[in-house]
Amino acid sequence: MRVLIKPAGWQLSLASRCANQLVVRASPISPIMRHYVQKQRGRERIKFPWIWPSDKQQTPARIRKVYKDEDNPLIFLSNKAGNINANMLFNLKVEDDYMKDITKTAIPVILEKTIEAINKRDYDTLGQLMTPDLSKLYGYALANMEALKYRLEIEATNICDAEIEGLRALSGPPMAFNASIPAQKRLELFNYLFVGSLHLALPKSAGTSVVRTLINSYNSWLGFEVWFKVKANIKISLSLNGKVIDEDQGEMEVPLSLVTPHYPSLRSFPNVTMDDGVQFPGDDNDAEPFQWRISDIFSIKTHNDLSSMVSSFKPK
């Protein structure tokens, strides 16, 4: 079993840029109260994109339907049709046994490798494991902590019960779904249609017809994002200048999203079977017929991105 993840060639050296972005001011309180506040509020000061076990209820919900007015028959039926189409497209190209194997064997390893890279501040490995926008998000957060003398240690044990939660079919140019580009900028360039889990984007120069957008989805760029969740016992320790100021431990579900590359059309998307296998960074294999990247952890990035896009649709 191999998971193919292509190195991005992305490099990060940000500590010097981030050193002055956050200033932590000491409050004029007693040493006892200061100790209490540090133990309770340390995680909030670093603003790191990771949910702590005791805060697991704050994990953003997956946005399964952008248009949620189920009292409207047209919206209800279109969401159902979009879900069916997204799953049909995925099942046409990706073998079910392959996905079962990915879920059982690869997801726990991906979580372990990601945590190891975070603990070591290994920007190169994060760039290989993650999409460019997600590795940039984690890279800035880690560099900012390092500049301010914070250190985060995450440990995951008893990783088990991985399963698939759902998926999104992303039809349209890769740029349209690149969360590192502000939503407002993308909305200036593309028309979007969110039909359940089928998310479509068409350059505005190509026209605005809904029918045309739907028809074009079969001849447009295509990629998939698959949602997984896995149980683990997570232990987190945050230190400042070598002194622990916050810690937490508990069992929780960790949502992970993996995304495929975008291919120019459904026809050019490869047929993925058990024989194709998957590869991790560092494996000695140059063949890259198919690759996965982590596109989100805890659904933080995707939730924020889709929420900002939807808010732009609504009249002020």
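Since we're looking at a predicted model, the values are computed, not measured. In what follows, every heavy atom counts, from backbone to side chain, and hydrogens, waters and symmetry copies are set aside.
For the residue pair Arg43/Ser54, the side-chain donor-acceptor check at 3.5 Å is satisfied. Side-chain atoms of Arg62 and Thr302 include no donor-acceptor pair closer than 3.5 Å. Side-chain N/O atoms of Ser237 and Glu247 include no donor and acceptor closer than 3.5 Å.
A 4.5 Å side-chain heavy-atom check between His303 and Ile63 finds at least one atom pair inside the cut-off. In this structure, the side chains of Leu238 and Trp52 come closer than 4.5 Å at one or more pairs of heavy atoms. Under the 4.5 Å side-chain criterion, counting only non-hydrogen atoms from C-beta, Phe90 is in contact with Met99. Side-chain contact check for Glu95 versus Met274: some heavy-atom pair is nearer than 4.5 Å. Taking the side chain as every heavy atom from C-beta outward, Leu222 and Leu170 never approach each other to under 4.5 Å. Side chains of Trp227 and Pro255 form no contact here, defined as non-hydrogen atoms less than 4.5 Å apart. Contact check for Lys65 versus Phe76: no side-chain heavy atoms found under the 4.5 Å cut-off. Residues Tyr192 and His199 are not in side-chain contact: their nearest non-hydrogen atoms beyond the backbone lie 4.5 Å or more apart.
A side-chain donor-acceptor contact under 3.5 Å links Arg293 to the backbone of Met130. Distance alone, capped at 3.5 Å, places no donor-acceptor pair between the Thr125 side chain and the Asp122 backbone. Although no hydrogens or angles enter the test, the distance criterion places no donor-acceptor pair under 3.5 Å between the side chain of Arg168 and the main chain of Val226. Between the Asn233 side chain and the Ala156 main chain, no donor and acceptor come within less than 3.5 Å of each other. A donor-acceptor contact shorter than 3.5 Å is absent between the side chain of Asp101 and the backbone of Asp97. With hydrogens and angles disregarded, no donor-acceptor distance shorter than 3.5 Å links the side chain of Tyr123 to the backbone of Ala117.
Under a 4.0 Å N-O distance rule, the pair Lys235/Asp248 does not qualify as a salt bridge. Salt bridge Asp246/Arg45: absent, no basic N to carboxylate O contact under 4.0 Å. Checked for salt-bridge contact, Asp305 and Arg186 meet the test: a charged N lies under 4.0 Å from a carboxylate O.
The aromatic rings of His262 and Trp221 lie tilted to each other, with the angle between the two planes from 30° to 60°.
Between Thr131 and the choices Ile294, Asp296, Val259, Leu258, the side chain to side chain contact (heavy atoms under 4.5 Å, CB included) rule is met once, by Val259. Residue Asn119 forms a side chain to side chain contact (heavy atoms under 4.5 Å, CB included) with just one option from Leu142, Thr114, Ile154, and that option is Ile154.
Looking at every heavy atom in both residues, Asn87 comes nearest to Leu167 through OD1-CD2, 3.8 Å. The two residues Pro53 and Met252 have their closest heavy-atom pair at CA-SD, 3.7 Å. Minimum interatomic distance between Ser295 and Lys301 (heavy atoms only, all atoms of both residues): O-NZ, 2.7 Å. Here the shortest heavy-atom pairing between Leu193 and Val195 reads CG-CG2, 3.6 Å. Scanning both residues, Ala86 and Leu198, for their nearest heavy atoms gives CB-N, 4.2 Å. Closest non-hydrogen pair, Asn83 versus Ser197, comes out as OD1-N, 2.8 Å.
In this structure, Tyr150 has its ring center at least 6.0 angstrom away from the ring center of Phe48. Under the 6.0 Å cut-off for aromatic ring centres, Phe269 and Phe224 qualify, their centroids lying closer than that.
In this structure, the separation between CD on Glu116 and CG on Leu129 is 9.5 Å, given to the nearest 0.5 Å. Note: Lys136 NZ to Ser180 OG = 6.0 Å, rounded to the nearest 0.5 Å. In this structure, the separation between CG on Leu256 and CZ on Phe228 is 8.5 Å, given to the nearest 0.5 Å.
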Task: Stepwise side chain to side chain contact (heavy atoms under 4.5 Å, CB included) test for Ile234 and Gln249 - done: CA-CA 6 Å; Ile234 301 292; Gln249 182 173 356; over 6 Å; no

Open item on the list: As a quick check of understanding, evaluate side chain to side chain contact (heavy atoms under 4.5 Å, CB included) for Glu155 and Thr157, giving each step before the final call.
Closed with: CA-CA 7 Å; Glu155 180 183 350; Thr157 56; 3.6 Å; yes

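Counting heavy-atom neighbours within 6.0 Å of Lys93 NZ, excluding the residue itself, gives a total above 12.
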